[in-house]
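Reckoned from all heavy atoms, side chains included, excluding hydrogens, waters and symmetry mates. Sequential numbering from 1 along the given sequence is applied to the chain's residues.
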Amino acid sequence: MPDSYLRQSGLAHLALGTRAVADRGEAGVAMKEVPFKGLVNLRGKPGDKQFLAAAEKALGTPLPLEPNTAAAKGEVTVLWLSPEEWLVITPDDGPRMADKLLGALSGLHVSVVDVSESRTCIHLTGPQARKVMMKAGPLDVHPRNFAVGHCAQTHLAKALTTIHHVSESEQDGPAYDIYVLRSFSDYLWRWLEDAGREYGVAVLTQA
């Protein structure tokens, strides 16, 4: 990880803070960047009970084994990516989480890689957020197919992403965390903002 004073988010150059508001008001869509999350790619054998137990002890939650689901405990969220692969998400400090997993899983046939600096997170929410998602890619985001707690790797506007449906309410609509490579983050942000323009777009503060 670079020194903290050298770190810049994937979208820092857009100066989103100069446009940010505390709530979306009448806008149908709200967006914000959630930078500097700790992201650790974990691979292992789900049939190995020792691996599952050690991972659960380190993370505080069992690994999700059902395809396209997530598990969470406290500030740790784990997304299922494939039968032998997960994305571990923490508020920050991916290297510390990677070290914790490496220590807990020592001697087992696993892969633990800190990928925090390679990606950023775009948070998309609002009553019309689902319509924007429907414009962007092939994933069926109807709530009966992609409910709260579901996740998926898919293309949005041709950018490879990992999407987590984090919440939904009648007033605020669905909320999605979209993890995208930094090199595609500018393009995807602009695409999503343009797609939401007909509904009104608010840029939210990061807090």
Side-chain angles (χ1 to χ4, degrees), residues 4 7-39 68 70 72 74-77 79 87 89-92 94 116-207:
S4 58
R7 296 181 84 188
Q8 282 195 330
S9 72
L11 298 173
H13 62 286
L14 295 182
L16 298 176
T18 63
R19 302 168 50 200
V21 294
D23 60 73
R24 62 176 175 81
E26 298 300 317
V29 177
M31 300 170 59
K32 66 179 177 180
E33 183 187 19
V34 188
F36 308 134
K37 286 195 175 189
L39 305 173
N68 300 114
E75 294 186 325
V76 176
T77 300
L79 307 185
L87 183 66
I89 304 167
T90 65
D92 54 22
S116 307
E117 299 301 324
S118 67
R119 293 163 174 79
T120 193
C121 176
I122 297 173
H123 183 78
L124 178 72
T125 188
Q128 306 301 328
R130 183 171 285 113
K131 292 182 179 179
V132 173
M133 294 288 286
M134 291 169 64
K135 289 184 183 184
L139 180 67
D140 181 0
V141 291
H142 191 282
R144 66 169 172 257
N145 180 68
F146 197 64
V148 172
H150 282 201
C151 60
Q153 296 184 93
T154 188
H155 286 88
L156 288 182
K158 299 184 179 180
L160 182 61
T161 62
T162 300
I163 302 168
H164 181 205
H165 186 175
V166 293
S167 66
E168 183 152 3
S169 70
E170 184 174 348
Q171 178 179 354
D172 297 325
Y176 306 99
D177 279 345
I178 303 168
Y179 298 90
V180 60
L181 290 170
R182 289 172 65 101
S183 56
F184 283 89
S185 60
D186 176 281
Y187 159 75
L188 184 60
W189 176 279
R190 294 175 189 270
W191 199 101
L192 292 172
E193 187 170 11
D194 183 67
R197 203 172 304 279
E198 65 175 298
Y199 313 115
V201 177
V203 177
L204 298 180
T205 57
Q206 292 181 0

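The two residues Val141 and Phe146 come nearest to each other via the heavy atoms CA-CB, 3.8 Å. Closest heavy-atom contact between Ile89 and Lys37: CG2-CD, 3.9 Å. When every heavy atom of Val148 is checked against every heavy atom of Ser167, the shortest pair comes out as CG2-C, 3.7 Å. Contact record, Thr77 with Ala72: OG1-CB, 3.9 Å, taken as the closest heavy-atom pair. Here the closest non-hydrogen pair linking Gln8 and Ala12 is CB-CB, 4.2 Å. The heavy-atom pair separating Ala27 from Pro127 by the smallest distance is O-CD, 4.5 Å.
Contact of the Pro35 side chain with the Leu11 side chain is not registered, since no non-hydrogen atoms from C-beta on lie closer than 4.5 Å. Side-chain contact between His165 and Met133 is absent, with no heavy-atom pair separated by less than 4.5 Å. Residues Val203 and Met31 fail the side-chain proximity criterion, which asks for heavy atoms closer than 4.5 Å. Contact of the Lys32 side chain with the Leu16 side chain is not registered, since no non-hydrogen atoms from C-beta on lie closer than 4.5 Å.
Within the model, atoms CG of Leu188 and OG of Ser183 stand 11.0 Å from one another, a figure rounded to the nearest 0.5 Å. For the atom pair CG of Leu204 and CZ of Arg24, the computed distance is 9.0 Å after rounding to the nearest 0.5 Å. Note that NE2 of His150 and OH of Tyr176 are 12.0 Å apart. Values are rounded to the nearest 0.5 Å. For the atom pair Lys158 NZ and Tyr187 OH, the distance stands at 7.0 Å (nearest 0.5 Å). Here the SG-CD1 distance, from Cys121 to Ile178, works out to 7.5 Å after rounding to the nearest 0.5 Å. Distance check, rounded to the nearest 0.5 Å: OG1 of Thr161 to CZ of Phe184 gives 11.0 Å.
When the salt bridge (Lys or Arg N to Asp or Glu O under 4.0 Å) test is applied to Glu33, no partner is found at least two apart in sequence or on another chain. In this structure Arg119 satisfies the salt bridge (Lys or Arg N to Asp or Glu O under 4.0 Å) test with no other residue, sequence neighbours excluded. Lys131 pairs by the salt bridge (Lys or Arg N to Asp or Glu O under 4.0 Å) definition with nothing, not counting sequence neighbours.
Evaluated for a side chain to side chain contact (heavy atoms under 4.5 Å, CB included) with Arg130, the options Lys135, His142, Glu168 yield exactly one hit, Glu168. Each of Ile122, Leu156, Leu124 was evaluated against Ile163; a single residue qualifies, Leu156, per the side chain to side chain contact (heavy atoms under 4.5 Å, CB included) test.
Here Arg190 pairs with Asp186 in a salt bridge; the nearest charged N to carboxylate O distance falls below 4.0 Å.
Not one N or O on the side chain of Asp92 forms a donor-acceptor pair closer than 3.5 Å with the backbone of Gly38. Without hydrogens or angle criteria, Asn145 side chain to Asp140 main chain gives a donor-acceptor distance under 3.5 Å. Side chain of His164 to main chain of Val166: no donor-acceptor pair is present (N/O by atom type, distance under 3.5 Å, no hydrogens or angles).
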